[in-house]
Amino acid sequence: MREIVVGLVTQGLERLAGEGLLPGELATAFAQRSADFKVERPREKSHGDFSTNAALVLARMVGMKPRDLAQRLLAAMPGGEDVGVRCEIAGPGFINFHFSEDRLRGLIPEIRQRGADYGRSRVGAGQRVLVEFVSANPTGPMHVGHGRGAVTGDVIARLLDAIGCTVAREYYINDAGAQIDVLGRSVLYRYLECLGRDAVAPEDYYPGEYVIEIARALIERDGEAWLPAAESLRQAVPGELPKPPVGVIDFAIEWVMREIRTDLEAMHIHFDSWFSERTLHAGGGIERALAHLSAHDWLYEGVLEPPKGREVTPEEADGRTHLLFRSTRLGDDSDRPLLKADGTPTYFAADIAYHFDKARRGFTRLVDVWGADHGGYVKRVQAALEAMTGEKDLLDVVLTQMVNLTQGGKQVRMSKRAGTFVTLRDVLDETGSDAVRYWFLMRSSGAGLDFDLDLAKSKSNDNPVFYVQYAHARACSLEVKLKERELPEVAGDLARLTAAEELDLIRLLGMFPEMVEGAALSREPHRVTYYLSDLAAAFHGYYNNYRILDEDPEVRGARMALVRAAGRVIANGLSLLGVTAPVSM
RNA sequence: GCGCCCGUAGCUCAAUGGAUAGAGCACCGGCCUUCUAAGCCGUAGGUUGCAGGUUCGACCCCUGCCGGGCGCGCCA
């Protein structure tokens with residue numbers, strides 16, 4: 001629907017350009033959405049279906065009063081009558097567009113015809129986007145926060161796909177570094193314990209139950225083969241802990257990744273690729289990336305300035321020189337070290353190499369979904385990408401805030417120490433994929449989220465997931481009723497849809513494609529849940545106040561056509577979220 | 001101390017620089033013999049944390065405060 005208005009305004013601009021009033025490139029810029037004026041949805045209903053501020057923005061440039069320019073533009077646009085759009089000048093110089101009722105009703109067959117494609121577009125065509133998300137460390141099971149990131153990333157990918165982008169989903173496995181050694185030692189500790197030997201907990205270890213399970217599985221596979229390694233670990237002096245054997249580490253990582261994959265599958269999330277951090281270390285990727293940076297003068301040896309406002313321990317303040325990345329040149333607060341004291345790369349160095357690799361794979365755009373606790377890394381990774389590619393804004397980072405589990409209004413304590421750790425698996429088992437997926441998207445990703453386990457399970461209209469799915473089921477149930485009553489199938493006369501509720505419902509259906517585009521471009525999946533809530537409310541309101549299966553076959557046919565269109569849009573919206581649209585409930 | 005995010009109705013949150021800032025809960029008042037029932041309709045509720053600035057126009061952008069969260073060399 002929006003395209004119709006954009007077309008009208010573009011033609012008007014072109015004609016005014018032909019008359020020499022406006023620069024010719026304006027119309028092109030406008031049609032490509034790069035102009036600083038636009039077509040938008042007025043908040044106020046009486047202002048019509050669409051509005052443009054073109055005259056307001058351009059008035060200064062041509063030295064006219066906004067309303068006078070609006071008059072010229074209006075006159076230059078094709079007569080609205082034959083396209084079913086009435087235009088008028090209002091307020092300080094807006095041009096408002098009102099769709100005729102017939103034009104609105106015309107959307108119903110259009111939706112019917114486009115079916116599952118309604119809402120999809122090509123505005124992102126030609127873009128190749130890599131969405132990296134979850135990337136939970138393979139050191140333990142996924143918690144609910146990971147789940148939120150997982151759903152957010154998956155739906156961003158779905159949205160980008162819906163606007164015509166070529167999308168790939170990737171999971172970055174942090175299978176290198178000190179944390180992995182901690183995991184290996186934790187397993188060996190439990191391994192001794194399970195074998196009934198003397199066991200001493202290492203000073204740093206993962207306390208979760210799952211580590212015991214890993215140890216048991218390891219015993220089942222390898223018996224006592226790892227006893228020497230475990231013993232030497234037990235006898236080691238703190239501070240000089242040995243590196244656990246690769247065989248144990250690999251076993252543990254595979255075990256945890258299997259769990260993670262199971263959880264992801266339970267949420268119907270599939271990745272196109274799994275990128276192992278180890279391959280960067282082993283394959284020389286880090287050296288390549290650092291050499292590339294070095295060649296362009298982004299690296300130097302230097303002493304780090306101490307962070308302000310924070311005490312540095314004597315150990316830290318050793319005054320040694322580091323290999324540093326000049327991220328301050330690109331807006332970061334401080335230059336960043338790339339090698340640890342022992343000469344091995346920092347996590348950041350690996351991350352640089354990883355993102356370098358992404359850029360070299362030819363993506364036109366990168367999207368990362370991270371937990372908000374990694375917010376401090378955004379600038380430096382973006383700086384690194386800019387330094388390596390010369391391209392600014394190649395990477396968008398979406399940060400997801402905490403999830404609070406609640407039950408009966410009370411917060412569910414998640415504490416690894418107290419053993420009341422609630423995993424994503426627990427929540428999935430309790431409420432199911434649909435509830436989890438929908439719920440995680442009910443707030444903007446930057447806002448904290450309360451997940452009410454009781455409400456998410458309940459079959460009541462207070463449960464937003466139920467409310468939306470039920471709207472779809474209701475639409476479908478009318479189909480069944482129609483057959484049960486053996487009512488004749490009549491196309492119906494759409495002109496009989498004259499009630500304000502009916503026309504408003506159609507208007508809402510018409511906003512779906514814009515909503516999808518906006519959500520995709522801004523990487524804001526929560527817009528979909530908000531939209532679906534509104535749509536479901538409008539549908540339920542219509543259903544409650546009007547008898548769809550009216551006596552009059554013409555009315556009945558028309559209302560059923562509208563109901564089918566609404567059901568279709570709800571289904572398409574839910575599909576974007578990866579949530580099922582039940583036919584009955 | 002610095003950086004990022006946040007501050008909007010009693011609560012939880014929306015609102016690509018647009019016109020009179022919106023939902024859902026909760027509260028209050030009506031209604032409920034109907035295609036699916038766990039309800040339906042409506043009222044009220046606001047100096048958008050504070051103070052300036054930018055402009056035709058600011059919840060949105062800029063500056064400075066106040067308050068909360070996260071992060072802040074060789075953990076990932």
Side-chain angles (χ1 to χ4, degrees), chain A residues 33 36 38 40-44 46-47 51 53 56-57 59-60 65-66 90-94 96 135 137 139 174 176-180 182 204 277 303-310 312 315-318 320 322-324 331-351 371-379 399 401-402 442-444 446-450 452 455 458-464 466-467 470 473-474 477-478 480-482 484-485 514 517-518 521-522 524 526-527 530 533-534 537 540-541 543-550 563 584-585:
Chain A
R33 288 150 217 249
D36 50 0
K38 59 202 169 182
E40 62 200 349
R41 290 276 186 180
R43 216 175 341 227
E44 176 62 35
S46 65
H47 295 148
S51 171
N53 60 349
L56 245 34
V57 174
R60 179 185 290 260
K65 289 181 185 169
F94 290 104
N96 293 339
S135 300
N137 290 338
T139 54
N174 295 123
Q179 51 163 0
I180 291 301
V182 173
D204 194 14
E277 182 187 346
V303 180
L304 268 179
E305 289 187 21
K308 285 170 185 146
R310 175 177 163 275
V312 176
E315 265 176 41
E316 285 177 328
D318 55 6
R320 80 177 183 91
H322 297 257
L323 180 64
L324 297 173
D332 200 1
D333 317 310
S334 146
D335 291 337
R336 305 294 173 181
L338 299 171
L339 297 178
K340 302 180 194 172
D342 62 3
T344 60
T346 58
Y347 174 76
F348 179 50
D351 227 15
D373 54 341
H374 291 63
Y377 278 76
V378 175
K379 272 189 192 172
L399 299 176
Q401 273 290 351
M402 295 292 220
M442 289 201 312
R443 300 279 178 260
S444 68
L449 176 73
D450 290 327
D452 189 321
L455 192 53
S458 76
K459 292 175 192 268
S460 84
N461 288 351
D462 293 336
N463 177 357
F466 177 89
Y467 188 70
Y470 185 37
R474 252 185 174 168
S477 79
L478 286 166
V480 177
K481 270 279 178 281
L482 200 61
E484 278 176 6
R485 295 191 186 171
E514 295 155 45
E517 183 185 325
L521 294 177
S522 62
E524 291 183 338
H526 73 278
R527 293 193 194 191
Y530 273 93
S533 263
D534 284 350
H540 284 306
Y543 178 94
N544 286 326
N545 288 311
Y546 292 82
R547 250 193 117 68
I548 310 302
L549 303 183
D550 193 82
V563 164
S584 68
M585 291 177 81

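Chain A is the first sequence line, chain B the second, and so forth, proteins listed ahead of strands; every chain is numbered from 1. Heavy-atom basis, side chains included; hydrogens, waters and symmetry copies ignored.
- Annotation: salt bridge (Lys or Arg N to Asp or Glu O under 4.0 Å) contacts of A:Asp332 (sequence neighbours excluded): A:Arg336.
- Using a 4.0 Å heavy-atom criterion, one finds that A:Pro66 contacts no nucleic acid atom at all.
- No side-chain donor-acceptor contact under 3.5 Å links A:Gln179 and A:Asn174.
- Between B:rC4 and B:rU16, the distance separating the two C1' atoms is 22 Å to the nearest Å.
- Listed candidates were B:rC13, B:rC70, B:rC74. Nearest to the side chain of A:His322 is B:rC74.
- For the C1' atoms, the distance linking B:rC50 with B:rU55 amounts to 22 Å, nearest Å.
- Remark: the separation of the P atoms in B:rA23 and B:rC31 is 24 Å, to the nearest Å.
- Nucleotides B:rU34 and B:rG30 place their P atoms 22 Å apart, quoted to the nearest Å.
- Residue A:His374 and nucleotide B:rG71 are not classified as a stacked aromatic pair, given the requirement of ring centres less than 5.5 Å apart at an interplanar angle below 30°.
- Inter-residue side-chain proximity for A:Arg41 and A:Glu514 is flagged as met; some heavy-atom pair is nearer than 4.5 Å.
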Which protein N or O atoms sit under 3.5 Å from an N or O of nucleotides 15-18 of chain B?
from	atom 1	to	atom 2	distance (Å)
B:rA15	OP1	A:His526	NE2	3.4
B:rU16	N3	A:Lys38	NZ	3.3
B:rU16	O4	A:Glu40	OE1	3.2
B:rG18	OP2	A:Glu40	OE1	3.4
B:rG18	N7	A:Asn53	ND2	3.1

Original post:
In B/S/- notation, 5' to 3', how is nucleotides 31-45 of chain B contacted by protein heavy atoms closer than 4.0 Å?
Top reply: ----BB-BSS-----

Original post:
RNA chain B in dot-bracket, Watson-Crick or G-U pairs under 3.5 Å, [ ] crossing, | other strand?
Top reply: (((((((..((((....[...))))..((((.......))))......(((((..]....))))))))))))....

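- Nucleotides of RNA chain B nearest to A:Asn174 and A:Gly448 differ in position, and the one nearer the 5' end is that of A:Gly448.
- Within a 6.0 Å sphere centred on CE of A:Met442, heavy atoms belonging to other residues, nucleotides or ligands number more than 12.
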Polar-atom pairs under 3.5 Å, protein N or O versus N or O of nucleotides 3-6 of chain B: list them with distances, or write none.
from	atom 1	to	atom 2	distance (Å)
B:rG3	O3'	A:Lys379	NZ	3.1
B:rG3	O2'	A:Lys379	NZ	3.4

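- When each of A:Arg336 and A:Tyr347 is assigned the nucleotide of RNA chain B with its nearest heavy atom, A:Arg336 is the one assigned upstream, toward the 5' end.
- Using atom P as the reference point in both B:rC25 and B:rG67, the two lie 35 Å apart (nearest Å).
- Taking the C1' atoms as reference points, B:rA37 lies 30 Å from B:rA44, given to the whole Å.
- With sequence neighbours excluded, no residue satisfies side-chain hydrogen bond (donor to acceptor under 3.5 Å, both in side chains) with A:Arg43.
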